[in-house]
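Every chain is numbered from 1 and lettered A, B, ... according to where its sequence line falls, protein lines coming before strand lines.
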Amino acid sequence: MRIEEKIVAQIQSALKELFSVEAESGKLSLQPTRKEFEGDFTLVVFPFVKLARKSPEETARLIGEYVKENMDEIQSFNIIKGFLNFALHDKVWTGFLSDAVAEKEYGVAKRDDTDVSVVEYSSPNTNKPLHLGHIRNNLLGYSIAQIMEASGKKTIKVNLVNDRGIHICKSMVAWIKWGNGETPESTGKKGDKLVGDYYVRFETELRKEAQALKDSHNYDDDIARNNAPLMVEAREMLRSWEKGDEETVKVWKMMNQWVYKGFDSTYQRLGVSFEKIYYESDTYLLGKEIVLEGLEKGFLFKKEDGSIWADLTDEGLDQKLLLRADGTSVYMTQDIGTAQLRFDDYNATQMIYVVGNEQNYHFDVLKKVLKKLGKEYSDSLYHLSYGMVELPQGKMKSREGTVVDADDLMDEMYSTARKTTEELGKVEGFTEEEKENLFDTIGLGALKYFILKVDPKKNMLFNPAESIDFNGNTGPFIQYTHARIRSILRKAAEKGLMEKEFDSTVVTLNDKEKQLLKTLYAFPQTIRQAASEMSPAMIANYVYDLAKEFNQFYHEHSVLNEPDLNISLFRVQLSLLTAGVVKTAMGLLGINVPERM
RNA sequence: GGUUCCGUAGCUCAGCUGGAUAGAGCAACAGCCUUCUAAGCUGUGGGUCGCAGGUUCGAAUCCUGCCGGAAUCACCA
C-alpha cells in the first residue's frame, strides 16, 4: 500500500471518529507538500471545517494528532492556515529507495495481457516523403505506445499505409511520361524522394495545363484542373488499377516498394517501429461488406441514385456518404473496414488513432457510424488528436518550398550535435563509431524532446532558423545529467561501492536528497497519469524536473567524496535509481541516453 | 455561420481531477570550475493568467457571454 493511501485511510477514520463525518473519497485528496513548506504530504481541511464545526486550525490539529498517533511513519505535522502538512520519518524515504532499487525496472507496471490497446500512427501516403508533421505523429504514436505498455497494457503498434488512390496514380503517370526508367538505384536517390519528385512534377505540369485551359476556354479553376489531360490520365490509371490491369499494377508495386524502402530507413533512424502494417489496398473492400450489411439491417439508407448513407442528424451531425452510387468506397468506408479488422485481429479493448486535429470531424463521424452499425467496440475508439507543427510564417506549404523534410531535419540535428560536442571538447578518447552514435543520440534526443514536451493537443511552433537548443529544458540537458550520474557510478563500481547496502536507519536526509526521493517516488503515478491522458509531455516534464533536482543535489553534495561511508553508499543508491528513472522515462519518449557525453 | 481546440513573462512552454506567494527554459544582466563532466549551478529584472460576469471558504483551472487565433463542416484522403 502506498504511503499516501495509508494516510488517507487514517484521515477517513479520524473524520469519522472525531466529527462523525463520512468522508467522500473525492474530497479527500492528499497532495505533495509544496517545496516552500515543511512536510511531505498535505491535506486541505477547508472542505471539512463546516462539518467539523471548528476553525480550520483546530480541525487540522485534531486530524493531525489522530493520524500521527496511529501511524508510525509520521514524524510530525504542522498547520498553516487550513493546510495540514505531514512530515514522514526519513527512514520511510530511505526505505522506499532500497525497495525501488531492488525492482527490476522501477516505475514500470506488470503487464496485463487481457487489456490490449492498438495504437495506429504514422499512416503515410505513398506519394511523398515524410516531413516534420509526420515526425510529430510518429514520435507521439511511438511514445504513447511505450507509455501505455509501461502502465500495464499490452500494446500493439500498427501502421496503416495509404498505398492506393489518385495521389499515387499521379506519381505513376509522371514517372511513366518523364521518368525514362529512372530508379532509386540509377539515380542514387531515396525511393520516397524519387516518387515525391514525380508527384511534384505532375502537379507542376498539371497547373500549366489547367492554366492553358482557363485561358482558352475560360474555365473555373476546378473545372480546368479536372479536365486537364494529365488529370484525365491519372483517373484513367486509377480505374485501370482497380480493374487489376497487369502493367499498371506492376508499376504501382514497383514504385510503392521504392517508397517503403525509403520510409523504412526514415523510421529506423527515427527509432519507431510497428508490430503490424496494414495496407489500404488490402483492406479497402472490407468496409463495403459492413456497409452493405448495415443497409440490410436497416441501420443505413439508400438514395435514389443508389448511394448509401448514414443518417446522423439525431446525433447533431449531418448525413454521411458511405458508398458511392457506382459502388466504390470512400475514406470513411475504408476506416470502418480497418476498425473491424483491427478489432478482430487483436480483440482490442482500446483502439487509438494518432491523427492530426484536422480530422477531428472524421473520427467523430466514424465513431458514430460504427455505433449506428451496432458495433459494440465503437466506444473503445479514441482519436488522439494532435495540433499542427507551424513555422514562423505559418503552415508548411509544399508550393512555397517550406516543407521541412524529415531526413534533412535529422541530418541537421546530427550536424549541430557534432559541432556543439566538438566545440565543448567532449569526445576525446571516443572511437569514430562511438562519436557517430553519440551525435545521433544527442541530435535526435534534442529533436524528440523538443517535440514531445509540448502538450499534444496544442499547435506548436518550430523555427528552422534557430536550431533546437541544447541547454536548459532540452533533451541534451537530461542526457547530460544521465551521463554525469553514470560517470559517478562507474567510479563507485571501481571503488567497490555498488554492492554494499547502506543502513537506512542512520541516514539523515538533507533537503536535496529528500526532494530527489520525493520526485523519484512520483514516477509510477506519473506514468499512470501520462497513460490515462495519453500525454508524453507529462513524462517529458517529469524527467526534466527530476534531472534538475539531481543537478542541484549534485552541485551541493558529493557522492564519492563524502567522508561518512554510509551516507556515501546511500547517495550511490540514490544516484543509481535516478539514472535508472531518467533512462526509463526517456525510453518512454523514444530517446536514448548516453553513458558519456 | 455551425462545431471543436487554443489564448499564461519579450520568445518557447509547464501549471494534474479547483487549494498556500502563478513556474521553467531561452534571451538580458551579475556571480560560481585546485572538489564526482560548467551541455551544469546560484542570483536579478520581467505577469491586468485574452476581456467581463458567475459558482465557491478559495478560480490560471469549473460555467456563461464576448474578443483574438487555428482546424473542420467533400461522392479528397
Side-chain angles (χ1 to χ4, degrees), chain A residues 26 29 31 33-34 36-37 42 44-47 49-50 56 80-83 85 123 125 162 164-167 280 305 307 309 316-318 320-326 328-332 334-335 356-362 364-365 385 387-388 390 394-395 417 420-421 423-424 426 442 446 450 453-455 457-463 466 469-481 483-492 525-526 529-530 532-533 535 537-538 540-542 544-545 547-548 550-552 554-562 568 571-572 575 596-597:
Chain A
S29 77
Q31 46 199 283
T33 303
R34 294 180 55 141
E36 321 74 283
F37 301 97
T42 297
V44 183
V45 300
F46 290 116
V49 296
K50 235 178 224 170
I80 300 168
K81 291 194 269 181
F83 296 89
N85 303 316
S123 319
N125 290 351
N162 182 13
R164 63 170 283 278
I166 192 74
H167 46 287
E280 279 192 10
D305 65 355
S307 57
W309 296 69
L317 298 177
D318 244 331
K320 187 73 192 175
L321 176 87
L322 298 180
L323 273 183
R324 295 188 186 101
D326 65 2
T328 57
S329 54
V330 293
Y331 180 41
M332 188 63 70
Q334 296 171 19
D335 268 2
N357 62 11
E358 75 266 12
Q359 294 194 34
N360 284 353
Y361 180 74
H362 172 76
D364 206 15
V365 171
S385 160
M388 302 288 99
E390 287 168 353
K395 287 182 73 170
T420 310
T421 307
E423 273 170 13
L424 289 166
K426 296 267 187 176
I442 296 174
F450 179 83
K453 76 171 176 183
V454 180
D455 181 349
K457 69 171 181 271
K458 290 188 178 177
N459 286 358
M460 63 173 293
L461 185 84
F462 176 81
N463 189 346
E466 305 169 7
D469 243 304
F470 284 19
N471 298 319
N473 188 356
T474 66
F477 166 82
I478 297 161
Q479 291 172 322
Y480 174 70
T481 306
R484 255 182 167 181
I485 302 174
R486 296 304 307 174
S487 171
I488 294 173
L489 295 174
R490 278 192 300 272
K491 288 179 176 144
Q525 67 218 47
T526 303
Q529 205 178 341
S532 76
E533 295 186 22
S535 173
M538 297 194 64
N541 287 309
Y542 169 81
Y544 170 64
D545 199 42
K548 224 168 33 155
F550 186 85
N551 280 323
Q552 287 171 17
Y554 177 94
H555 186 255
E556 285 183 32
H557 308 285
S558 182
V559 176
L560 301 173
N561 299 327
E562 166 58 43
S568 184
R571 289 181 183 164
V572 167
S575 302
R596 293 185 293 155
M597 72 181 271

TODO: Using a 4.0 Å heavy-atom cut-off across all strands, classify A/M597 as base, sugar-phosphate, or nothing.
DONE: base
Open item on the list: With a 4.0 Å cutoff (strictly under), does any side-chain N or O of A/R164 reach OP1 or OP2 of B/rA77?
Closed with: no
TODO: Just compare B/rA20, B/rC75, B/rC36 and give me whichever is closest to any side-chain atom of A/N561.
DONE: B/rC36
Open item on the list: For a quick check of understanding: with a heavy-atom distance under 4.0 Å over all strands, which category does A/D318 fall into, base, sugar-phosphate or nothing?
Closed with: nothing
Task: Value in whole Å for how far the C1' atom of B/rG40 lies from CG of A/N551 - done: 6 Å
Open item on the list: Using a 4.0 Å heavy-atom cut-off, does A/F477 contact any base of the nucleic acid, only the sugar-phosphate backbone, or nothing at all?
Closed with: sugar-phosphate
Open item on the list: Looking at A/T481 and B/rA39, is any side-chain donor or acceptor paired with a base atom of the opposite kind under 3.5 Å?
Closed with: no
Task: Matching residue for A/F477 among A/F550, A/F450, A/F470, A/Y544 - test: ring pair (Phe, Tyr, Trp, His ring centres under 6.0 Å) - done: A/Y544
Open item on the list: Give me the distance, rounded to whole Å, that separates B/rU61 from B/rA22 when you measure between the P atoms they each carry.
Closed with: 14 Å
TODO: Answer yes or no for this row: A/Y544 ring on B/rA24 base, centroids under 5.5 Å, planes under 30°.
DONE: no
Open item on the list: With the 90 degree cut-off around zero defining syn, does B/rC33 come out syn or anti?
Closed with: syn
Open item on the list: Just the rounded figure in Å: distance from C1' of B/rU72 to CG of A/N459.
Closed with: 13 Å
- [ ] Would you indicate what A/I442 reaches in the nucleic acid, counting non-hydrogen atoms under 4.0 angstrom: base, sugar-phosphate, or nothing?
- [x] base
TODO: May I ask you to evaluate whether A/R34 reaches the phosphate of B/rG23, defined as a side-chain N or O under 4.0 Å from OP1 or OP2?
DONE: yes
Open item on the list: I want to confirm an ordering. Mapping A/V454 and A/F83 to their closest nucleotides on RNA chain B, which one lands closer to the 5' end?
Closed with: A/V454
Task: Length of the CZ-P vector between A/F550 and B/rG40, whole Å - done: 15 Å
Task: Any-strand Watson-Crick or G-U partner of B/rU3, both distances under 3.5 Å - done: B/rA71
- [ ] Starting at atom CG of A/D455, determine the distance to atom P of B/rU8, rounded to an integer number of angstrom.
- [x] 14 Å
Open item on the list: I'd like the P distance from B/rG10 over to B/rC5, given in whole Å.
Closed with: 28 Å
Open item on the list: What's the gap between B/rA24 and B/rC66 when it is taken at their P atoms, as a whole Å value?
Closed with: 37 Å
Open item on the list: Assuming nearest nucleotide by heavy-atom distance, tell me which of A/H557 and A/R324 is located more 5' along RNA chain B.
Closed with: A/H557
- [ ] Look at A/K458 and B/rC13 and indicate whether a side-chain polar atom (N or O) is within less than 4.0 Å of OP1 or OP2.
- [x] no
- [ ] Check every strand shown and say whether A/S385 touches a base, only sugar-phosphate, or nothing at a heavy-atom separation below 4.0 Å.
- [x] nothing
Task: Residue pair A/Y331 / A/Q359, side-chain donor-acceptor N/O under 3.5 Å - done: yes
Task: A/S329 and A/L323: CA distance, side-chain angles, deciding distance, side chain to side chain contact (heavy atoms under 4.5 Å, CB included) verdict - done: CA-CA 5 Å; A/S329 54; A/L323 273 183; 4.0 Å; yes
TODO: Examine B/rA24: is either OP1 or OP2 under 4.0 Å from a nitrogen or oxygen in the side chain of A/K548? Give yes or no.
DONE: no
Open item on the list: Under a 3.5 Å cut-off for both contacts, is B/rU64 paired Watson-Crick or G-U wobble with anything, and if yes, with which nucleotide?
Closed with: B/rA52
Task: Exercise: do A/T481 and A/N551 side chains pair donor with acceptor under 3.5 Å - done: yes
Open item on the list: What's A/F470 touching, base or sugar-phosphate or nothing? Going by heavy atoms closer than 4.0 Å.
Closed with: base
TODO: Look at the side-chain N and O atoms of A/K320 and state whether any lies under 4.0 Å from the OP1 or OP2 oxygen of B/rC75.
DONE: no
TODO: Could you check whether A/L461 gets within reach of a base, just the sugar-phosphate, or nothing at all, counting any heavy atom under 4.0 Å?
DONE: sugar-phosphate
- [ ] Flag the pair A/N357 / A/M388 as yes when at least one side-chain heavy-atom distance between them is below 4.5 Å, and no otherwise.
- [x] yes
Open item on the list: Rounded to whole Å, please give me the gap between CG in A/L317 and P in B/rG2.
Closed with: 16 Å
Open item on the list: What contact category does A/E358 fall into here, base, sugar-phosphate, or nothing, at under 4.0 angstrom with non-hydrogen atoms?
Closed with: sugar-phosphate
Task: Whole-angstrom distance between B/rU72 and B/rG46, as gauged at atom P - done: 42 Å
TODO: Please measure how far the P atom in B/rA14 lies from the corresponding atom in B/rU4, and state the result in whole Å.
DONE: 22 Å
Task: pair A/I485-A/V559: side-chain heavy atoms closer than 4.5 Å - done: no
Task: Gap between atoms CZ and C1', on A/R484 and B/rU37 respectively (whole Å) - done: 6 Å
Open item on the list: Of the listed nucleotides (B/rC73, B/rA77, B/rC26), which one gets closest to any side-chain atom of A/Y361?
Closed with: B/rC73
Task: side chain to side chain contact (heavy atoms under 4.5 Å, CB included) between A/F83 and A/V44, intermediate numbers included - done: CA-CA 5 Å; A/F83 296 89; A/V44 183; 3.8 Å; yes
Task: Strand partner of B/rC33, provided both Watson-Crick or wobble distances fall under 3.5 Å - done: none
TODO: Give the nucleotide from the list B/rC36, B/rC75, B/rU37 with an atom nearest to the side chain of A/S487.
DONE: B/rU37
- [ ] Tell me whether the OP1 or OP2 atom of B/rG40 has a side-chain N or O from A/N471 closer than 4.0 Å.
- [x] yes
Open item on the list: Work out how far the C1' atom of B/rG65 is from that of B/rC76, and round it to whole angstrom.
Closed with: 37 Å
- [ ] Mind checking A/D335 for me? I need base, sugar-phosphate or nothing, with any heavy atom below 4.0 Å counting as a touch.
- [x] nothing
Task: Distance below 4.0 Å between A/K50 side-chain N/O and B/rC57 OP1 or OP2 - done: yes
Task: Distance below 4.0 Å between A/Q552 side-chain N/O and B/rU42 OP1 or OP2 - done: yes
Task: Nearest listed nucleotide, side chain of A/K395, among B/rA71, B/rG19, B/rC73 - done: B/rA71
Open item on the list: I need the CD1-C1' distance between A/I478 and B/rG25, as an integer number of Å.
Closed with: 11 Å
Task: Length of the CD-P vector between A/E556 and B/rC41, whole Å - done: 12 Å
- [ ] May I ask you to verify if any side-chain N or O of A/Y480 is less than 4.0 angstrom from the OP1 or OP2 atom of B/rA39?
- [x] yes
- [ ] Kindly indicate whether the side chain of A/V330, heavy atoms from C-beta on, has any atom under 4.5 Å from the side chain of A/R324.
- [x] yes
Task: Validation row: A/F37, A/T42 side chains within 4.5 angstrom (heavy atoms) - done: no
TODO: Return the minimal non-hydrogen interatomic distance between A/A537 and A/K453, and the atom names on each side.
DONE: CB-O, 3.4 Å
Open item on the list: Whether A/S558 contacts B/rU35 is assessed here as follows: a side-chain N or O lying under 4.0 Å from the phosphate OP1 or OP2. Is that the case?
Closed with: no
Open item on the list: Categorize A/E533 for me: base, sugar-phosphate, or nothing, with a 4.0 angstrom heavy-atom threshold over every strand shown.
Closed with: sugar-phosphate
- [ ] Provide the Watson-Crick or G-U wobble partner of B/rA59, both distances under 3.5 Å; none if there is no partner.
- [x] none
Task: Donor/acceptor link under 3.5 angstrom from A/N360 side chain onto base of B/rA70 - done: no
Open item on the list: Strictly by Watson-Crick or wobble contacts shorter than 3.5 Å, is anything paired with B/rG23, and which nucleotide is it?
Closed with: B/rC13
TODO: Output yes when at least one side-chain N/O atom of A/K81 is less than 4.0 Å from OP1 or OP2 of B/rU21, else no.
DONE: yes
Open item on the list: Is it the case that the base of B/rA39 and the side chain of A/T474 share a donor-acceptor contact (distance under 3.5 Å, atom types as modelled)?
Closed with: no
- [ ] Name the nucleic acid region contacted by A/E280, choosing base, sugar-phosphate or nothing; use a 4.0 angstrom heavy-atom cut-off, strictly under.
- [x] sugar-phosphate
